[in-house]
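When reading the values below, keep in mind they use all heavy atoms of this one structure, side chains included, and skip hydrogens, waters and symmetry mates. Proteins come first, then strands; the chains are lettered A, B, ... in the order of their sequence lines, and each starts at number 1.
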Amino acid sequence: MKLKSSYYLHQDVIFLAKDLLGKVLYTKIDDDITAGIIVETEAYFGVQDKASHAYGGRRTSRTEILYNEGGASYVYLCYGIHHLFNIVTSVEDDPNAVLIRAIEPIIGKEIMEMRRNMPASKPAISSGPGSAAKALGINASFNKKDLTGEEIWIEDHAIRYTPDEIAEVPRVGVEYAREHALLPWRFFIKSNPYVSKPNKI
DNA sequence: TTCTCGATGCGCT
DNA sequence: GCGCATCGAGAAT
């Protein structure tokens, strides 16, 4: 059920970003367990990806975790407000990551409602990377966690999607690299209500 | 040490 | 659809 550390060592971050759709992300905080189905992801191609914090091999105290081998979490604060949760993948010194952009709440909905101060019936409760992280109680303290540990982990609930249920969206605003502009880097479950707004079709 | 701005969300219009 | 909140990492000085 729980994904093993070897799962995260896959070197094709595109494959993992797609394969993670349908997996279930869990957090446990003071015995409060919340979980949701991953319905939207985004792949970050390490040194090749200008949008990646590790672009060009940049290596700082913040990005150091990205150079670890797969299976760790990378959480950082965006716009001074939102915590974004990433899964570090691939082998050591290959700083790939998958951003979790949206989840569908399935366990601990009441807890998520308190954290988000809105009913779980509202897709906005976990739609978008900042919202999904907050619903799961993910904050800066979740940075550099082992994803096979007891605080945060991912399970395979045998939820499978056919290729036509998965949308692969080319990245927008990537005029900087023509060969990357056509690269589909965003993946989501078509018509799932929890998918963040810019990606709905 | 200082300045800039971002892998965004939300409330108001 | 638009604008703002809010702060730390990274780069410039």
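Across the protein-nucleic acid pair, A:His53 atom NE2 and B:dG6 atom P stand 11 Å apart, rounded to whole Å. Taking atom CH2 on A:Trp185 and atom P on B:dA7, their separation rounds to 9 Å, with Å as the unit. Put simply, CG on A:Asn96 is 15 Å from C1' on B:dA7, counting in whole angstrom units. Between the CG atom of A:Leu77 and the C1' atom of B:dC5 there is a distance of 13 Å, given to the nearest Å. Atom NE2 in A:His83 sits about 15 Å away from atom C1' in B:dA7, given to the nearest Å. Per the geometry, CD1 belonging to A:Ile81 stands 12 Å off P belonging to B:dG11, to the nearest Å.
A:Arg116 comes within contact range of the sugar-phosphate backbone alone, with a heavy-atom separation under 4.0 Å but no base atom that close.
Salt bridge status for A:Glu165 with A:Lys190: absent, with no side-chain N to carboxylate O gap under 4.0 Å. Classification of A:Arg101 and A:Glu42 as a salt-bridged pair holds, one side-chain N sitting under 4.0 Å from a carboxylate O. Taking 4.0 Å as the cut-off between side-chain N and carboxylate O, A:Asp93 and A:Arg59 count as a salt-bridged pair.
Judged by distance alone, the side chain of A:Lys18 and the main-chain N or O of A:Ile14 form no donor-acceptor pair under 3.5 Å. A distance-only check finds a donor-acceptor pair linking the side chain of A:Ser73 to the backbone of A:Lys145 [under 3.5 Å].
Side-chain contact between A:Lys28 and A:Glu151 is absent, with no heavy-atom pair separated by less than 4.5 Å.
Under the 30°/60° scheme for interplanar angles, the aromatic rings of A:Phe15 and A:His10 are found to lie parallel.
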Name the atoms and distances for all side-chain donor-acceptor pairs under 3.5 Å in residues 77-84 of chain A, with sequence neighbours left out.
none

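For DNA chain C, the span of nucleotides reached by chain A at under 4.0 Å from its heavy atoms goes, 5' to 3', from C:dA5 to C:dA11.
Lacking a ring centre under 5.5 Å from that of the base six-membered ring together with a plane angle below 30°, A:Tyr79 does not count as stacked on B:dG9.
Rounded to whole Å, the C1' atom of C:dG3 lies 16 Å from the corresponding atom of B:dC5.
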Watson-Crick and G-U pairing of DNA chain C written in dot-bracket, each distance under 3.5 angstrom, with | for inter-strand partners: |||||.||||||.

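You'll find the ring centres of A:Tyr44 and A:Trp185 inside the 6.0 Å limit.
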